[in-house]
Amino acid sequence: MNLKNIKIGKKLIIGFSSILLVAIIIGYIGYSGMKVIEDQQNLVAENILPSVESLQTINEAQADIYASENLLLAADISPKLHKEAYSRIDSAKVRVAKAWKTYQALPQSAEGSLLWKEFEPAWTNWMEYHDKFIELEHKDNIENTKQSYSAMSNFALTTLTKPYNKANDILTKLVQTNDRIAAESDLIAEKKISLVEMQLLIAILIGVLASMALAVIISRSITRPLAKGVKLAEAVATGDLTVTIDIDQTDEIGQLANALKLMVEKLQSITSDIKNGINVLGTSASEILSTVTEISTGTAETATAVSETTTTVEEVRQTAMV
């Protein structure tokens with residue numbers, strides 16, 4: 001596109017439109033980047049963090065149940081501690097049920113899904129053994145004999161330990177997996193933020209440079225030929241009609257340049273005609289002066305002839321009188 005042949009109004013429209021386009025591009029990049037970041041944050045806030053919190057709740061509840069079981073194993077436990085142990089177990093089970101429901105409703109990673117499939121039967125198996133332990137504890141609390149306490153403690157320290165450890169190990173892996181996914185999501189979000197910032201910076205830099213370049217090009221396409229036109233007008237004002245203007249463009253300035261060029265040519269033609277007229281007038285004046293001189297000479301000769309004739313007439317008259 002040759003800006004020389006575009007009207008000034010269109011040049012200004014192109015300039016402002018280009019700036020507007022740059023602003024739109026920058027805005028689009030910013031909006032798209034913020035949308036990506038927002039989606040990533042929503043993923044973390046709505047899926048990953050609730051998953052991590054749910055698993056941590058289950059993990060803490062499991063620890064409370066395990067601690068309460070150990071408390072119930074203590075000999076001569078007071079009724080108050082005995083009641084508190086069961087209260088902690090009941091509270092832990094309520095928290096587990098709520099967190100379990102929350103976690104299952106959330107999207108899971110492939111690795112997390114596999115671990116959860118392992119964890120569910122492991123937890124159910126541990127709870128079955130836990131319920132058996134509670135039965136033995138109730139029996140010991142009623143009978144309060146060495147045999148009942150021994151049966152309860154042996155079950156807790158041997159049989160119950162294995163399913164607890166299995167469920168706890170899988171749950172630990174689940175927590176670690178989700179913690180890692182959360183950390184990776186944070187890292188991805190940070191990278192996306194950095195990428196968006198870089199894109200915005202590049203877009204702004206390119207936009208500024210492009211706008212400056214376009215402004216210079218448009219400005220030069222207007223100011224340079226105008227300067228030539230001003231120079232020509234100043235020369236003509238001082239009486240110099242030998243100046244010429246060379247502007248090869250078809251916009252308003254090109255039209256003005258052609259008009260100025262035509263004006264100079266007309267002035268040159270008029271000046272030439274005036275000079276020719278002056279020369280003709282000079283020649284005519286010389287001829288008139290010559291004619292007047294000839295007439296003057298003739299008049300003098302006529303006067304002399306008349307004087308001579310008068311003298312002759314006078315002499316003839318005097319002779320006639322004698």
Side-chain angles (χ1 to χ4, degrees), residues 39-75 77 81-138 140 149 151-192:
D39 292 342
Q40 187 66 28
Q41 289 176 338
N42 289 338
L43 174 64
V44 173
E46 296 175 4
N47 295 332
I48 298 176
L49 288 181
S51 296
V52 172
E53 291 173 357
S54 298
L55 292 174
Q56 287 177 341
T57 298
I58 295 173
N59 193 23
E60 291 169 0
Q62 186 186 35
D64 283 346
I65 294 173
Y66 182 73
S68 298
E69 289 175 346
N70 289 331
L71 181 61
L72 292 172
L73 285 174
I77 183 174
L81 290 178
H82 188 272
K83 184 177 179 180
E84 288 180 356
Y86 273 99
S87 178
R88 287 178 64 184
I89 290 173
D90 292 339
S91 176
K93 288 181 178 180
V94 171
R95 298 200 307 274
V96 167
K98 184 178 179 180
W100 195 289
K101 183 178 180 181
T102 300
Y103 183 81
Q104 282 188 319
L106 295 171
Q108 300 175 19
S109 65
E111 184 179 358
S113 180
L114 291 175
L115 287 172
W116 182 256
K117 288 179 180 179
E118 293 181 26
F119 174 70
E120 284 184 303
W123 178 274
T124 301
N125 186 46
W126 174 57
M127 282 290 97
E128 290 174 355
Y129 281 93
H130 165 77
D131 292 340
K132 180 63 177 178
F133 167 79
I134 295 300
E135 291 177 4
L136 293 173
E137 197 282 328
H138 279 309
D140 176 64
Y149 179 77
M152 178 189 67
S153 59
N154 287 335
F155 181 84
L157 297 175
T158 56
T159 307
L160 185 59
T161 301
K162 186 176 180 181
Y164 166 79
N165 288 336
K166 183 177 181 180
N168 184 65
D169 289 343
I170 298 173
L171 181 58
T172 300
K173 290 179 181 179
L174 264 171
V175 172
Q176 291 174 347
T177 298
N178 281 268
D179 286 341
R180 175 174 53 79
I181 292 173
E184 290 174 352
S185 297
D186 288 338
L187 183 61
I188 291 172
E190 290 176 1
K191 288 182 177 179
K192 287 182 178 179

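- Ring centroids of Trp116 and Trp100 are separated by less than 6.0 Å, placing the two rings close together.
- Atom CG of Leu157 and atom CG of Leu73 lie 6.0 Å apart (nearest 0.5 Å).
- Although no hydrogens or angles enter the test, the distance criterion places no donor-acceptor pair under 3.5 Å between the side chain of Asn59 and the main chain of Leu55.
- Pairing each heavy atom of Ser54 with each of Thr102, the nearest pair is OG-CG2, 3.5 Å.
- Remark: Glu60 pairs with no residue by the side-chain contact (heavy atoms from CB on, under 4.5 Å) rule, at least two apart or across chains.
- Applying the 6.0 Å contact sphere to OH of Tyr86 captures more than 12 heavy atoms from other residues, nucleotides or ligands.
- Under the rule for a side-chain contact (heavy atoms from CB on, under 4.5 Å), Ala74 has no partner lying at least two apart in sequence or in another chain.
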The test is side chain to side chain contact (heavy atoms under 4.5 Å, CB included); show your working for Gln56 and Asp179 and say whether it passes. CA-CA 10 Å; Gln56 287 177 341; Asp179 286 341; 4.1 Å; yes
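- Evaluation of the salt bridge (Lys or Arg N to Asp or Glu O under 4.0 Å) test over residues 113-128, restricted to residues two or more places apart or in two chains, returns none.
- Glu69 meets the side-chain contact (heavy atoms from CB on, under 4.5 Å) test with Ile65, Tyr66, Trp126, His130, Phe133, Leu160; sequence neighbours excluded.
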Anything under 3.5 Å between a donor and an acceptor, one on a side chain of residues 87-99, the other on a protein residue two or more places apart or in another chain? List them.
unit_1	atom_1	unit_2	atom_2	d
Arg88	NH2	Asp64	OD1	3.3
Ser91	OG	Arg95	NH1	3.0
Arg95	NH2	Asp64	OD2	2.6

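- Every pair passing side chain to side chain donor-acceptor pair (under 3.5 Å) that includes a residue from residues 153-172 is listed here, sequence neighbours excluded: Ser150-Asn154.
- Remark: His138 pairs with no residue by the side-chain hydrogen bond (donor to acceptor under 3.5 Å, both in side chains) rule, at least two apart or across chains.
- Across every non-hydrogen atom of Thr177 and Gly112, the tightest pair is CG2-N, 4.4 Å.
- Here the shortest heavy-atom pairing between Ile48 and Ser185 reads CD1-OG, 2.8 Å.
- With sequence neighbours excluded, the residues forming a salt bridge (Lys or Arg N to Asp or Glu O under 4.0 Å) with Glu111 are Arg180, listed by chain and number.
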Determine, stepwise, if the pair Lys173 / Phe119 fulfils side chain to side chain contact (heavy atoms under 4.5 Å, CB included). CA-CA 10 Å; Lys173 290 179 181 179; Phe119 174 70; over 6 Å; no
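- Residues that satisfy the side-chain contact (heavy atoms from CB on, under 4.5 Å) test with Leu114, not counting sequence neighbours, are absent from this structure.
- In plain terms, the two heavy atoms of Leu71 and Leu81 that are nearest each other are CD2-O, 3.8 Å.
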